[in-house]
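Lettering of chains follows the sequences in order, A, B, ..., and the numbering in each one begins at 1. Only heavy atoms go into these numbers, but all of them, side chains included; no hydrogens, no water, no symmetry mates.
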Protein chains: 2
Amino acid sequence: MAGRRAETTEANRTRLLAAARAAFAEHGYAGASMDELTAAAGLTRGALYHGFGDKRGLLAAVVAQIDGEMAARARAAAASARDDWDALLAEAAAYIEMALDPEVRRIVLLDGPAVLGDPSRWPSQNACLAETRDTVARLVAAGTMRAVDVEAAARLLSGAALNAALWVAASEAPDVALPRALDAYALMAEGLRAR
Amino acid sequence: MAGRRAETTEANRTRLLAAARAAFAEHGYAGASMDELTAAAGLTRGALYHGFGDKRGLLAAVVAQIDGEMAARARAAAASARDDWDALLAEAAAYIEMALDPEVRRIVLLDGPAVLGDPSRWPSQNACLAETRDTVARLVAAGTMRAVDVEAAARLLSGAALNAALWVAASEAPDVALPRALDAYALMAEGLRAR
DNA sequence: GGTTAAGGCATACGCGCCGTATGTCAACTC
DNA sequence: GAGTTGACATACGGCGCGTATGCCTTAACC
């Protein structure tokens with residue numbers, strides 16, 4: 001019967017996550033009040049500390065959630081690509097476009113690294129990074145990409161993409177900056193392609 | 001005689017900056033106490049708020065200082081390069097090595113963007129970014145680099161470099177990760193070189 | 001050179017927020 | 001159906017930031 005207890009517990013956890021996500025997106029991690037946030041979810045800080053440990057734990061959970069969604073969208077973008085190389089570019093384009101969402105920028109790209117440290121050390125293991133690493137590994141194994149260190153290349157590519165997104169978002173005309181960023185990214189990636 | 005007044009004021013400002021830099025590096029922006037920080041400089045928060053406005057203003061000043069030092073070192077590295085293309089790689093290598101300094105990572109790469117927003121919008125104008133932009137512009141003008149958007153390329157390259165530094169620093173064996181990051185960076189940049 | 005204006009810095013206060021310790025009540029166990 | 005567990009609420013303490021206010025030294029000016 002799944003237990004009446006575990007059911008409401010899970011529901012509360014979900015509501016807490018949603019409220020935290022909204023609060024972190026709107027006010028940033030430091031500016032978000034846990035009292036307000038929990039009240040918005042119809043609960044108190046007691047529930048929060050019981051389920052997430054502390055404020056950092058809450059952020060980690062929110063980051064993991066968004067990161068998972070991003071990885072899924074990137075996978076979908078890659079799936080509809082012609083070949084594996086095109087999949088790499090499609091993934092990057094997907095990341096950049098997703099990072100234009102203020103919620104993603106604020107939580108995953110800015111507060112995440114500042115509070116939780118380097119993404120490769122996140123408890124959630126950074127699904128996005130794993131995604132590009134897999135793609136790069138496939139390309140190298142197939143001989144499509146030069147024999148570069150997979151970890152390094154994946155990190156550089158994803159770093160370039162996410163930084164490009166920050167630039168596009170901060171620019172005065174994002175709609176004109178976006179294609180330029182994508183062009184430059186495609187060219188840079190070309191340097192890694194086998195000759 | 002330069003004024004006895006302005007002299008001590010400037011000295012106090014310098015000591016405050018140094019104390020803030022040390023405190024931000026050790027405890028992070030959020031964890032650094034302004035009371036402790038100012039006491040370490042032999043002053044109180046009054047001096048701080050008078051000279052820097054608020055905690056953010058203090059961070060902005062510290063970031064501007066470190067950023068300036070980084071840009072100077074990058075320029076020096078570029079100056080001793082064979083040609084302009086080599087200068088681009090030398091600059092990147094310099095950035096990556098500088099970012100292995102925990103102080104630089106913590107303050108400029110993590111807390112800086114999270115608290116002050118995108119680097120291109122910093123009050124200090126981000127000397128590092130301007131440096132690579134200039135280098136890229138020279139390369140494009142000379143026909144050494146393909147006719148890519150200068151802003152976009154500079155942002156991608158510097159983003160990749162700084163992200164590579166975060167990866168190297170977080171890796172278990174930074175001394176082996178570093179050359180791999182540099183290799184991958186050189187290859188990626190190669191994609192931008194004119195054919 | 002004495003008075004006045006100004007500005008750099010210290011002191012005092014209030015408020016919000018986080019983390020923990022403690023309490024309570026409903027749900028599962030036997 | 002009594003005991004126990006565990007999810008969540010309540011209460012408390014402390015810290016840290018920002019501002020308002022006051023003092024005291026330096027520079028300006030007649």
Quick check against the 3.5 Å criterion: does B:Lys55 have a side-chain atom that pairs as donor or acceptor with the backbone of B:Ser33? no
Nearest whole angstrom, please: distance from the C1' of D:dC15 to the CG of B:Leu37. 16 Å
Distance (rounded to the nearest 0.5 Å) between B:Glu91 CD and B:Thr135 OG1: 3.5 Å
What is the separation between atom NE2 on B:His27 and atom P on D:dC15, rounded to the nearest whole Å? 15 Å
Taking the axis from the first five pairs and the axis from the last five, what angle separates them in the helix from C:dG1-D:dC30 to C:dC30-D:dG1, rounded to 10 degrees? 10°
Would you please confirm or rule out a distance under 4.0 Å between OP1 or OP2 of C:dG8 and any side-chain N or O of B:His50? yes
Could you check whether B:Asp118 pairs with B:Arg155 (Lys NZ or Arg NE/NH1/NH2 to Asp/Glu carboxylate O, under 4.0 Å)? yes
Spacing between A:Leu59 atom CG and C:dG19 atom P, to the nearest angstrom: 12 Å
Shortest side-chain distance from B:Ser33, nucleotide among C:dA10, D:dT10, D:dC17: D:dC17
Taking the nucleotide of DNA chain C with the closest heavy atom to each, which residue, B:Arg45 or B:Thr9, is nearer the 5' end? B:Thr9
Mind checking if A:Ala30 touches a base, just sugar-phosphate, or nothing, with heavy atoms under 4.0 Å? nothing
Value in whole Å for how far the P atom of C:dC17 lies from OH of A:Tyr49: 12 Å
Counting only N and O atoms by type, is there a donor-acceptor contact under 3.5 Å from the side chain of B:Asp86 to the main-chain atoms of B:Ala81? no
For the backbone of B:Arg45 and the side chain of B:Asp35, can you confirm whether one donor and one acceptor N or O come within less than 3.5 Å of each other? no
Nearest heavy atom decides the nucleotide; on that basis, is B:Gly51 or A:Met34 closer to the 5' end of DNA chain C? B:Gly51
Roughly how many Å is it from NZ in A:Lys55 to C1' in C:dG16, rounded to a whole number? 11 Å
Check every atom of D:dC17, C:dG19, C:dC9 against the side chain of B:Ala47 and return the nucleotide holding the closest atom. C:dC9
Tell me: CG of B:Asp35 to C1' of C:dC9, nearest whole Å? 15 Å
Value in whole Å for how far the P atom of D:dT26 lies from CD of B:Glu10: 17 Å
Looking only at side-chain atoms of A:Thr44, point me to the closest of C:dG19, D:dT10, C:dC9. D:dT10
dist B:Tyr95:OH -> B:Leu157:CG (nearest 0.5 Å) comes out at 11.0 Å
Rounded to the nearest 0.5 Å, what's the gap from NE2 on B:His50 to OG1 on B:Thr9? Could you check? 7.5 Å
Considering just the side-chain nitrogens and oxygens of B:Asn12, establish if one lies under 4.0 Å of OP1 or OP2 belonging to C:dC9. yes
Distance, rounded to the nearest Å, where B:Asp54 contributes CG and D:dG16 contributes C1': 14 Å
Proximity to the side chain of A:Glu36 - top-ranked nucleotide from C:dA10, C:dC17, D:dC8: C:dC17
Using a heavy-atom cut-off of under 4.0 Å over every strand shown, decide if A:Leu43 touches base, sugar-phosphate, or nothing. sugar-phosphate
Inter-residue atom distance A:Leu48.CG - A:Leu43.CG, 0.5 Å rounding: 9.0 Å
